[in-house]
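Please read all numbers here as calculations on a predicted model, not as lab measurements.
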Amino acid sequence: EAMEQCGDDEEFLRELLDDLRAETDAQLAKIEEEIRTPTEAPFHKIMRASHVIKGAASNLMCSQLRTTSMNLEQAASAAHELGGSADAAVMENVKVRYMELKAAVENYHAFLRSIGV
C-alpha cells in the first residue's frame, strides 16, 4: 500500500521511509526527555510528539508505529486532562506506552536495515 501511495516509485518510498526514521527518532528523543526531566505541561508535549509520529507512520502504512504512538498519545492526553501533574501512577502509564513505542521504533529500524535503507 505504501508503494501505491508513492506512485510505485521505490526510490521515493525509500526516501520517505528514511525521513520517517529521522522524524521518529527526533520525536522519541523529545518524549524521552519529558519523561526523564518533566517540564511545564510534560504530557501535552508527549501527546504532541506522539501525534507527529502517528501521522507520519499512518501516511506510510506503518501500523505498529501508528498504533503504539496513538496509544501513547491517548495516555498522555488523558494525563494532561487530569491537570498534567506528573503523579507517579499517571507517569508510569505513560512510561509503559513509551516503552511500547520505543520497541516499535526498534522494530522499524530493524526493518529498514533488512531492506538496506
Side-chain angles (χ1 to χ4, degrees):
E1 287 182 53
M3 183 70 89
E4 289 176 21
Q5 295 283 73
C6 296
D8 293 323
D9 184 338
E10 184 177 344
E11 184 177 330
F12 182 53
L13 177 58
R14 287 174 171 274
E15 287 177 33
L16 291 176
L17 292 171
D18 191 44
D19 290 347
L20 176 59
R21 173 179 30 211
E23 185 64 46
T24 299
D25 290 350
Q27 297 303 321
L28 204 60
K30 290 178 185 179
I31 295 166
E32 188 170 327
E33 183 61 29
E34 285 301 323
I35 288 173
R36 194 174 336 131
T37 313
T39 60
E40 187 176 324
F43 298 116
H44 181 72
K45 292 174 184 171
I46 292 168
M47 179 182 64
R48 301 240 350 196
S50 301
H51 182 80
V52 169
I53 295 171
K54 180 184 76 176
S58 294
N59 289 337
L60 291 173
M61 314 304 172
C62 297
S63 62
Q64 186 184 29
L65 281 177
R66 183 189 57 77
T67 299
T68 55
S69 59
M70 180 178 65
N71 291 344
L72 177 55
E73 179 185 20
Q74 290 172 348
S77 177
H80 182 70
E81 289 175 15
L82 289 173
S85 70
D87 136 313
V90 170
M91 183 56 90
E92 188 56 35
N93 183 44
V94 169
K95 284 180 181 178
V96 167
R97 301 294 170 238
Y98 164 73
M99 293 307 292
E100 293 169 352
L101 175 57
K102 189 173 179 178
V105 169
E106 290 169 4
N107 289 341
Y108 180 66
H109 283 210
F111 167 71
L112 292 180
R113 283 190 301 275
S114 77
I115 61 169
V117 173

Legend entry - Glu73 CD to Asn71 CG distance, which is reported to the nearest 0.5 Å: 10.0 Å

Inset, instruction - Determine the minimum heavy-atom distance between Ile31 and Ala49, stating which atoms define it. - result: CG1-CB, 3.6 Å

Legend entry - Where Ala57 and Arg66 come nearest, the two heavy atoms and their spacing: CB-N, 3.7 Å

Legend entry - Nearest heavy atoms of Ala75 and Asn93, plus distance in Å: CB-ND2, 3.7 Å

Legend entry - Modelled atom types, side-chain donor and acceptor of Thr39 and Glu34, under 3.5 Å: yes

Legend entry - Atom pair CD/CG of Glu106 and Leu101 - distance to nearest 0.5 Å: 10.0 Å

Legend entry - Nearest-0.5 Å distance, CG of residue Asn59 to NZ of residue Lys54: 11.5 Å

Legend entry - Student check: side-chain heavy atoms of Leu13 and Leu60 closer than 4.5 Å: yes

Legend entry - Hydrophobic cluster identity match, Ile35 and Leu82, side-chain contacts under 4.5 Å: yes

Legend entry - Side chain proximity check, Arg97 to Gln74, heavy atoms < 4.5 angstrom: no

Inset, instruction - Decide whether Val105 and Leu17 are clustered together by the hydrophobic rule: side chain heavy atoms of Ile, Leu, Val, Met, Phe, Trp, Tyr closer than 4.5 Å, transitively. - result: yes

Legend entry - Side-chain heavy atoms of Val90 within contact of Phe43, under 4.5 Å: yes

Inset, instruction - Could you state whether Leu65 and Met99 fall into the same hydrophobic cluster, counting links through intermediate Ile, Leu, Val, Met, Phe, Trp or Tyr residues with side-chain heavy atoms under 4.5 angstrom apart? - result: yes

Inset, instruction - Decide, yes or no, whether a salt bridge links Glu33 with Arg36 under the criterion of side-chain N to carboxylate O below 4.0 Å. - result: yes

Inset, instruction - Please say whether more than 12 non-hydrogen atoms of neighbouring residues, nucleotides or ligands are located less than 6.0 Å from CZ in Arg48. - result: no

Inset, instruction - Flag yes if Met70 and Leu20 sit in one hydrophobic cluster, no otherwise; membership is Ile, Leu, Val, Met, Phe, Trp, Tyr, and two members link when side-chain heavy atoms are under 4.5 Å apart. - result: no

Legend entry - The single option from Lys45, His51, His44 passing side chain to side chain contact (heavy atoms under 4.5 Å, CB included) against Met47: His44

Inset, instruction - State the NE2-CG distance between His109 and Asp25, to the nearest 0.5 angstrom. - result: 3.5 Å

Inset, instruction - Nearest 0.5 Å please: distance from the OG atom of Ser77 over to the CG atom of Leu72. - result: 11.0 Å

Inset, instruction - To the nearest 0.5 Å, tell me how far Tyr108 OH sits from Arg21 CZ. - result: 7.0 Å

Inset, instruction - Report whether Leu112 and Ile53 are members of the same hydrophobic cluster (ILVMFWY, side-chain heavy atoms less than 4.5 Å apart, transitive linking). - result: yes

